[in-house]
Amino acid sequence: MTNSNIRVRFAPSPTGPLHIGGVRTALYNYLFAKKHGGSFILRIEDTDQTRFVPGAEQYIVDAFNWCGLTFDEGVTVGGDYGPYKQSDRKELYKSFTEELLEKGHAYYAFDTPEELGAVRIQYESEKKTFIYNYEERKRLRNSITLGAEETNKLIDEGSPFVIRFRMPEDETVIMNDIIRGKVEVNTSVLDDKILFKSDGMPTYHLANIVDDHLMKISHVIRGEEWLPSLPLHVLLYDAFGWEKPEFAHLPLLLKPDGNGKLSKRDGDRLGFPVFPLQWTDPKTGGISSGFREDGYFPGAFVNMLAMLGWNPGDEREIFSLEELTEAFSLERVGKSGAKFDPVKAAWYNHQYLVKEDDEVLANLLMPIAIENGYFVEIEQLVNAVSMVKDRANFVKDLWGQLDFFFVRPETYDEKAVKKRWKADSYDQMEELKGVISGIPDFTSENTEKVVKQWIEDKGYGMGMIMNAFRLVIVGALKGPHLFDIIELLGEEETLERIDQGLHEIGRKE
RNA sequence: GGUCCGUUCGGCUAGUCAGGUUAGGCCCCCAGGUUUUCAUCCUGGUAACACGGGUUCGAAUCCCGUACGGACUACCA
């Protein structure tokens, strides 16, 4: 079971809140690691200092705490392979870049972004595609065209430079992906990617490979958007002479409507969250909704995400994190993108809500009751919750399903009155008061027995009485078993509601 | 434009590697049933192998092509 050689990492960039695609990637990493007794590592990839967003890193940590995903190593918990934040590893990347330079796998390039931009526009106008590759590099300003002397001179002068990977010409890179199988690419269509930026920081590509190697990552499980850079990464491992990890590129999460990758804006546009937790943009102050704040249980959220792109191969759908861990395998991850479906997400939450203890639900509901202006007994709330919980998807739905336990009807559903309040109803309800008052043990069973006996003795219609009764108690033809309701209400309140109903609805001619 | 990846009911998907099933399940939707009401629940139903060629006795499954979708194509990750 235990296999300490299995080491995976989730490596987000703290440029904003993590969206559910990222959470799912992390989840699959977690499940894979736990399944094999390996380690799950959190590494922060903050090599782009221009995109730093305050609070984003904390958000990421908070989100995983809420989901119940725990890291074995990483920024918050430490570990033997730290530091786990790339900005703290800055110096380290330099020596590795040197190594590549010495081996001839990389070179200095002095082209400015402006120069390159101009070339790109030029090519575009000629309907050609500009690729900084083996051919184009011959015409540009770099250590290959300039020679060692000129290069050193420029560097000594303090000219800004980047270091690029020297992509070989016309070689076929054969890669294996656990999910997609064999993938082949010819290096001639690839470009000389920048490995080291002029600001002294590595790019993702370099830092990623160096860190994965140093942290002894065994499996790289990441989003499909990284598949196009896999050849570069593979070539980098080879250039260093390092053993490669295994790769698994996960399918993307798509918009529920139309096409395209699920994006941060879709949530607001379509009215559902795309983030695990609510996020307040530090710059604009704009708020994006979160699954937590929308009332999702973390278990339901994780369960729902797990099933987007993976399935156990049998017909089970409800899984705890432990059960997911047990059942998970990368081989059963699908190849194609999955559309996120908010309706099914709500269904998952319903499953979890129904299974949750009534006490727990009542305690979660209490603040909502208070918000509505009702200070209710927790015991009563627990009872009411137990009767209506299978009608709700979210805790916040519960109040609307049981408020009549605590609030007398203010109105009486017009259609129901019209249909169910007959000419005899007034007198029958008046009579019912006498029947139920003074029942020694005002339990559901007792009152039901007494009332049904009365209906039978008098030869009244069951539906006639019960609907009218429900109408005066609830105000509408809805809700759980009526005798359960009045048990909770108690005799006094029941009688008063009948009185109020008689007064409000009146006699029907 | 180029490169790579993908394509089974409206959505998530099983089945594809090892060709032979009435192509299954869940969500949604619809219809019945149960219930004093609503909801739950139960039963049933609608609905799919992108298209075109091959290979084969037989193709969702293997091969080729086409279409469509997506990702990538930054001194962003």
Side-chain angles (χ1 to χ4, degrees), chain A residues 11-15 45-48 50-51 109 111-113 116-117 120 123-124 127-131 160-164 177 179-181 183-186 188-191 193-199 201-205 207-208 222-231 249 251-252 254 256-261 304 307-318 331-332 334-348 350 354 388-392 401 413 416 419-420 452 455 461-471 474 476-483:
Chain A
S13 193
T15 54
E45 307 218 328
D46 57 346
T47 52
D48 185 358
T50 63
R51 294 210 304 162
D111 323 277
T112 65
L116 291 176
R120 284 202 179 87
Y123 272 59
E124 184 121 349
K127 295 227 190 286
K128 288 196 290 183
T129 308
F130 174 77
I131 306 175
F161 63 86
V162 299
I163 295 167
R164 287 182 181 269
D177 183 277
I179 294 168
R180 274 149 234 284
V183 178
E184 289 185 34
V185 174
N186 188 290
S188 291
V189 301
L190 270 19
D191 62 345
K193 275 273 177 289
I194 291 172
L195 301 177
F196 202 83
K197 300 184 277 189
S198 59
D199 67 357
M201 283 292 240
T203 60
Y204 168 84
H205 303 292
N208 190 263
R222 78 233 291 200
E224 192 186 348
E225 69 268 26
W226 292 112
L227 196 52
S229 32
L230 182 56
H249 289 87
L252 265 16
L254 276 16
D257 67 331
N259 307 312
K261 184 165 82 156
M304 176 274 294
M307 304 306 285
L308 243 33
W310 172 85
N311 74 82
D314 53 41
E315 282 165 5
R316 289 176 295 163
E317 290 200 276
I318 304 300
E331 284 70 26
R332 293 208 62 85
K335 291 178 170 65
S336 48
K339 283 185 184 173
F340 169 71
D341 180 4
V343 177
K344 185 98 188 221
W347 176 81
Y348 272 106
H350 174 76
V354 170
V388 303
K389 67 195 236 185
D390 59 6
R391 298 153 187 266
Q401 294 290 346
D413 183 69
K419 196 173 173 197
R420 299 295 191 180
K452 281 188 170 170
I455 292 171
M462 178 71 87
M464 177 102 168
I465 298 294
M466 291 308 296
N467 282 302
F469 192 11
R470 178 175 294 278
L471 197 50
V474 177
L477 298 181
K478 63 166 192 179
H481 193 56
L482 188 52
F483 296 101

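Side-chain atoms are counted along with the backbone in the values below, which use heavy atoms only and exclude waters and symmetry mates. Note that the coordinates shown come from a computational prediction; the quantities given were computed from them, not determined experimentally. Chain letters run A, B, ... following the sequence lines, proteins first and then strands; every chain starts at 1.
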State plainly whether the residues Asp191(A) and Lys193(A) are in salt-bridge range, i.e. N to O under 4.0 Å. yes
Once base and sugar-phosphate atoms are separated, protein heavy atoms under 4.0 Å mark nucleotides 70-77 of chain B, 5' to 3', with B, S and - as SSS-SBBB
Quick one: label [X] by what it contacts on the DNA or RNA (base, sugar-phosphate, nothing), any heavy atom closer than 4.0 Å.
| X | result |
| --- | --- |
| Val183(A) | sugar-phosphate |
| Gly181(A) | nothing |
| Pro480(A) | base |
| Arg470(A) | base |

Please determine whether any donor N or O and acceptor N or O are separated by less than 3.5 Å between the side chain of [X] and the base of [N].
| X | N | value |
| --- | --- | --- |
| His481(A) | rU36(B) | yes |
| Arg391(A) | rU40(B) | no |
| Lys344(A) | rC28(B) | no |

According to the Watson-Crick and G-U wobble definitions, with both distances under 3.5 Å, which nucleotide is paired to [N]?
| N | answer |
| --- | --- |
| rA39(B) | none |
| rC72(B) | rG2(B) |
| rG20(B) | rC57(B) |
| rA48(B) | none |

Across all chains, not counting sequence neighbours, the side chain to side chain donor-acceptor pair (under 3.5 Å) partners of Lys344(A) are Glu317(A)
Contacts of Ser188(A) meeting side chain to side chain donor-acceptor pair (under 3.5 Å) (sequence neighbours excluded), chain-then-number -> Asn186(A)
Regarding the side chain of Met462(A), the nearest nucleotide among rU36(B), rC38(B), rG11(B) is rU36(B)
In whole angstrom, give the distance that lies between atom [atom1] of [X] and atom [atom2] of [N].
| X | N | atom1 | atom2 | value |
| --- | --- | --- | --- | --- |
| Tyr348(A) | rC28(B) | OH | P | 12 Å |
| Glu331(A) | rG15(B) | CD | P | 13 Å |
| Arg180(A) | rC5(B) | CZ | P | 9 Å |
| Asp314(A) | rG24(B) | CG | C1' | 13 Å |
| Lys339(A) | rC9(B) | NZ | P | 10 Å |
| Glu317(A) | rU13(B) | CD | C1' | 9 Å |
| Leu471(A) | rC38(B) | CG | C1' | 13 Å |
| Met466(A) | rC38(B) | CE | P | 13 Å |

Report yes if a side-chain nitrogen or oxygen of Asn467(A) is closer than 4.0 Å to either non-bridging phosphate oxygen (OP1 or OP2) of rU36(B); otherwise report no. no
Counting only side-chain nitrogens and oxygens, does Arg332(A) get under 4.0 Å of the OP1 or OP2 atom of rC17(B)? no
Rounding to the closest angstrom, what is the interatomic distance between [N] and [M] at atom [atom1]?
| N | M | atom1 | result |
| --- | --- | --- | --- |
| rG20(B) | rU61(B) | C1' | 11 Å |
| rC63(B) | rG70(B) | C1' | 25 Å |
| rG45(B) | rC64(B) | P | 39 Å |
| rU37(B) | rG10(B) | C1' | 32 Å |
| rU35(B) | rC29(B) | P | 24 Å |
| rA14(B) | rG53(B) | C1' | 28 Å |
| rU66(B) | rA31(B) | C1' | 42 Å |

Can you tell me how the ring of Tyr204(A) sits relative to the ring of Trp226(A), calling it parallel under 30°, perpendicular over 60° and tilted otherwise? parallel
Do the side-chain N and O atoms of Arg180(A) and His249(A) include a donor-acceptor pair separated by under 3.5 angstrom?
no
Note: Leu116(A) and Arg164(A) closest approach over all heavy atoms is CD1-NH2, 3.4 Å
For His350(A) and Asp390(A) the tightest heavy-atom approach is CE1-O, 3.1 Å
RNA chain B nearest-nucleotide lookup for Lys478(A) and Trp347(A): closer to the 5′ end is Trp347(A)
5'-most contact on RNA chain B (nearest-nucleotide basis), Leu477(A) vs Lys127(A), goes to Lys127(A)
Worksheet item: Just by modelled atom types, is the Glu45(A) backbone N or O under 3.5 Å from a matching donor or acceptor in the Ser13(A) side chain?
Response: yes
Item checked: Test log, rule side chain to side chain contact (heavy atoms under 4.5 Å, CB included), inputs Asn467(A) and Leu477(A) -> CA-CA 7 Å; Asn467(A) 282 302; Leu477(A) 298 181; 3.7 Å; yes
